[in-house]
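All values derive from a computational prediction rather than experimental measurement. Read the numbers this way: they start at 1 and go in the same order the structure lists the ligands and their atoms. Numbers here simply count residues along the sequence, with the first being 1.
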Amino acid sequence: MHDLNTQVENKVQNITNQLAITSEYAITTSNKQLISQLLEHALSYGNINNITVFNHKKEVISEIGPAAHIPTPPLSALAQTQRAGTFLVSTQAIYHNPLPINSSLGSPLDSYNPQIQRNIIGWIKVETNISQLDIAQYQLFFLLLFLFSLFNVLNAFITSRVAGSLTHPIEKVSLSLRKLTKSQYAAAKSIKLPSQYSEIQKDLLELAERLENHKKELTAGIEQSTEDMRRNMDSMEEKSAQLYIANKEAMESNRLKSQFLANISHEVRTPLNAILGYTKILQKNIKDNQNKLYVDTIEQSTNSLLAIIGDILDFSKIEAGKLSLDHSLINIRELVDDVYQILSANLLTNDKQIDLVTDFSPDVPQTMIGDSIRIRQVFTNLISNALKFTNKGSIKTKVILSSKSKDQLILSFQVIDTGIGIPEDKINQLFKPFSQVDTSTTRKFGGTGLGLVITKKLVEQMGGVINISSVPKIGSTFHFTLKLKPSNKPQPKQEKLEKFIVFLEPSNTYRHYLSNYFSEIGVESIACSGVEQIISKLNQHHNKVDAILLNIIPNKQSTNDAKELASYAIKQFNIPCILMIQPPGQINHYPKLKTMCSDVLLKPISHKHLFNALKNIQPPNAIAAADLTSDSPTIEKQPLPVTHLTGLKILAVDDTQVNLQLLTHWLTPHGLNIFLANSGRKAISMAKEQQFDLILMDIQMPEMDGLETTQHLRALDAYKETPIVALTAHALGSEQDNILASGMNAYLTKPVDELILLNTIEKWCLRKESAQEHINTQVTQAFDINKALSIVSQKSDIAKEMFEMLADSLADEKKLLRHHFELQDTEKLIHVVHRIHGASKYTGTIELTRHAGFLETHLKELGMEDVEGVLNDFLDSIDMLLAIRHLIPWPQE
Ligand code: ADP
């Protein structure tokens with residue numbers, strides 16, 4: 001457009017310029033006609049509107065065309081072009097060249113030479129209408145706009161076509177994939193893609209087909225599995241029903257087995273009871289040594305038969321999972337001592353002298369909680385095996401504390417013997433039922449092969465493990481652990497004795513063992529291995545020696561040595577002697593020696609007995625020392641009858657005649673009157689006729705058993721309280737519960753021991769008095785009647801009323817106390833305690849006052865911290881008061 005403008009301007013200037021040049025001649029010659037011709041000619045050029053010619057005085061000399069639209073600009077020598085609106089005006093001076101034209105032809109350059117003086121003879125002005133130019137411009141603009149728009153539209157159209165041709169197949173692919181994911185395989189396959197996408201189309205089809213096949217396979221698989229599962233479920237249901245029935249049958253047969261075992265045990269124990277009982281009676285009466293040996297053998301055999309029955313019963317109980325553990329306070333040191341004592345009495349012989357020692361690490365607590373019977377059984381099994389399989393040397397029981405926490409103790413035990421040992425390949429079999437190392441028919445040692453199995457099960461039930469290490473001909477070590485509970489009672493402290501003793505002990509092991517124990521209990525000791533040594537020590541230290549401890553072997557030499565030594569010590573230094581003797585030696589066979597000594601202890605030493613013997617050393621009996629006549633063995637005397645049972649009327653009920661006879665034999669010598677009933681019915685009719693002090697009742701009897709008989713007896717007014725003691729061969733726990741539940745007071749397991757029977761009768765017949773005593777102590781502990789009366793000037797009715805008022809309120813107060821304690825409301829708790837405390841001071845309830853005082857002070861000083869124990873004591877004192885409430889002996893007005 002700019003070019004167009006310039007072009008137009010140039011064109012107008014050129015026209016003006018040409019006119020100025022061409023009109024020079026016409027002006028100089030004043031040829032108006034020529035001027036007009038020139039102007040007309042010029043006007044014919046397009047778009048020129050007006051042409052004006054001025055003379056040198058700037059006067060118009062000629063003008064052509066319509067009137068000028070733009071006023072004439074100031075005229076000057078310079079050519080000018082001006083624009084106004086749609087018009088363009090161009091002015092140009094007309095010069096006159098003074099040189100003759102001819103000369104100028106020879107040198108054309110001269111006419112343009114600026115050096116040459118030129119005169120302005122006029123001006124020419126040309127006005128052009130340039131509106132055509134604008135139109136042309138607009139036309140051009142619109143043309144361009146049109147072309148641009150056309151291009152854009154075309155572009156958009158092409159782009160959309162291209163994009164469409166690209167995205168359409170992708171959309172189709174995505175649609176097809178969507179169909180596939182929705183498992184619409186047919187729909188997915190029917191979607192067609194353009195030919196250039198044929199590869200993708202093929203892949204899609206293949207994918208769809210594969211998925212379809214896969215789905216079909218899957219569905220078939222699921223259907224198959226479901227079917228299988230359904231069938232399995234059916235068979236499982238069937239199996240579980242079968243199992244249920246089998247289980248019931250097994251349980252039933254197990255029950256029958258246990259029942260059978262219990263019955264067998266009953267049947268075997270009943271005759272054994274008679275055998276043992278009569279054997280004991282025979283042992284007392286037989287004088288002839290040969291016959292005595294026979295009877296002793298009968299007793300021993302019966303005892304082993306009983307042990308075997310016990311083992312089998314235990315085994316079946318463990319197998320049936322019926323073994324339950326008891327929790328009682330046990331003193332493990334005393335327990336091991338007891339086992340040693342009992343077993344050594346039974347298993348040691350005069351030829352078999354073995355040192356039985358214990359080794360407790362000092363941190364093992366004195367008392368703890370556990371099942372003492374079962375722990376005793378474990379020790380009995382292991383130590384009796386050790387005794388059986390050891391001929392010389394020692395058996396040591398080692399106990400250490402493996403771990404200790406607030407509510408658990410783990411103790412580790414070792415029973416170490418120096419016996420025959422066990423070959424390595426046999427060790428694993430030992431815990432299998434009925435297995436023994438020596439299975440030959442000629443084997444030396446008896447036993448069922450159940451002992452270790454039972455031991456293992458018992459140890460496992462008590463949370464422990466057991467294992468063995470053994471070297472043939474050197475010895476065996478049985479190691480086991482037990483989980484026990486600590487006792488919350490304070491442990492008794494070992495009392496120190498501060499004594500000085502000399503002792504004679506030939507065995508090295510035992511000497512060391514005793515020396516250690518003496519230093520533990522604060523006793524200074526000198527150990528001697530022979531008689532000469534002890535005499536020399538005695539001579540040196542007699543001033544400070546408190547006692548002599550002598551080990552004797554029950555033979556003539558040893559007893560004579562001991563006698564001499566005892567007599568020497570007493571006569572020379574007035575020092576008493578204590579004897580130690582290993583079973584089966586019987587000191588009663590040497591009565592003289594016995595009277596010379598202040599005490600006799602059985603080996604292995606029970607710590608308790610040794611301690612007591614040293615604590616209560618008796619001054620020597622000088623008279624006995626004087627009499628040194630020979631000491632020949634005598635027969636032990638019969639025990640004296642328990643006289644305070646004399647006159648008691650006892651009814652014995654048993655269907656076996658021999659058992660009734662045995663009871664008569666046992667009890668009549670003690671002054672008891674025995675009445676016999678051979679059936680339950682007989683017992684009831686006898687009981688209706690006269691009052692018995694105690695009834696001994698067999699359990700298994702034809703027609704009416706012991707349980708039913710007891711229930712009938714308890715229905716009689718006169719027999720509501722009479723003690724009834726069951727004598728049973730049933731040893732299963734459930735039976736024992738039934739016995740107590742039927743209304744009996746206690747039970748003894750057959751074969752019954754004479755002494756235990758007498759003690760039981762004594763306990764239950766004398767119990768009434770002691771119960772009364774117990775109640776009286778409880779009343780006086782909780783209530784001071786004198787205090788209660790003195791407060792109200794001996795007016796017993798007022799004292800009683802005040803007491804009753806307090807007692808009536810206590811049940812509610814207890815509830816309140818618990819409530820406030822649960823909410824931890826100290827203020828309210830203090831309030832209630834204070835109220836009871838105040839009231840209790842005037843009613844003679846001394847125990848209640850004491851505990852209320854403790855609790856009130858505790859609450860005020862320490863708040864709820866550790867208050868539970870004090871609160872419980874207080875609540876106990878309330879319970880105690882309510883229990884004795886009706887037993888207070890108020891004086892009559
Ligand atoms: P049994 O009642 O026959 O003694 P146990 O189960 O107690 O049954 O013991 C099984 C076998 O283990 C014994 O017969 C014996 O051969 C062997 N045995 C057990 N303890 C010892 C031991 N301390 N020394 C050697 N052998 C032992």
| Which atoms form the tightest heavy-atom contact between L660 and A652, and what is the distance? |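 Between these two residues, the closest heavy atoms are CD2-O, 3.5 Å.
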Practice prompt. Grab the two heavy atoms, one from L614 and one from I578, that are nearest each other, plus how far apart they are.
Written response: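 Minimum heavy-atom contact is CD2-CD1, 3.9 Å.
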Fit a plane to each ring of F413 and F379, take the angle between them on a 0 to 90° scale, and name the class: parallel (under 30°), tilted (30 to 60°) or perpendicular (over 60°).
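F413 and F379: perpendicular rings.
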**Prompt:** Any idea which of I383, N381, L452 brings a heavy atom closest to atom 9 (O) of ligand 1?
**Reply:**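 The residue whose heavy atom sits nearest atom 9 (O) of ligand 1 is L452.
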Please state whether F431 comes within less than 4.0 angstrom of ligand 1, counting heavy atoms only.
->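 Outside the 4.0 Å threshold, so no.
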Below a 4.0 angstrom heavy-atom separation, can you tell me which part of D417, side chain or backbone, both or neither, approaches ligand 1?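 Near ligand 1, D417 shows its side chain, while the N, CA, C and O stay back.
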**OP:** Check each heavy atom of K388 against ligand 1 and say whether those closer than 4.0 Å belong to the side chain, the backbone, both or neither.
**Re:**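 The side chain, only.
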task = Please could you name the atoms of ligand 1 that G421 approaches to less than 4.0 Å, counting only its heavy atoms?
result =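 Near G421, the atoms of ligand 1 are 25 (C).
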Those atoms of ligand 1 less than 4.0 Å from some heavy atom in N385:
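Counting from 1, the qualifying ligand atoms are 4 (O), 5 (P), 7 (O), 9 (O), 19 (C), 20 (N).
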NZ/NE/NH1/NH2 to OD/OE distance under 4.0 Å, R376 and D338
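Here R376 pairs with D338 in a salt bridge, since their nearest N and O are under 4.0 Å apart.
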message: What I want to find out is whether K248 reaches E252 closely enough, with some N-O distance under 4.0 Å, to be called a salt bridge.
response: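 So K248 does not pair with E252 through a salt bridge.
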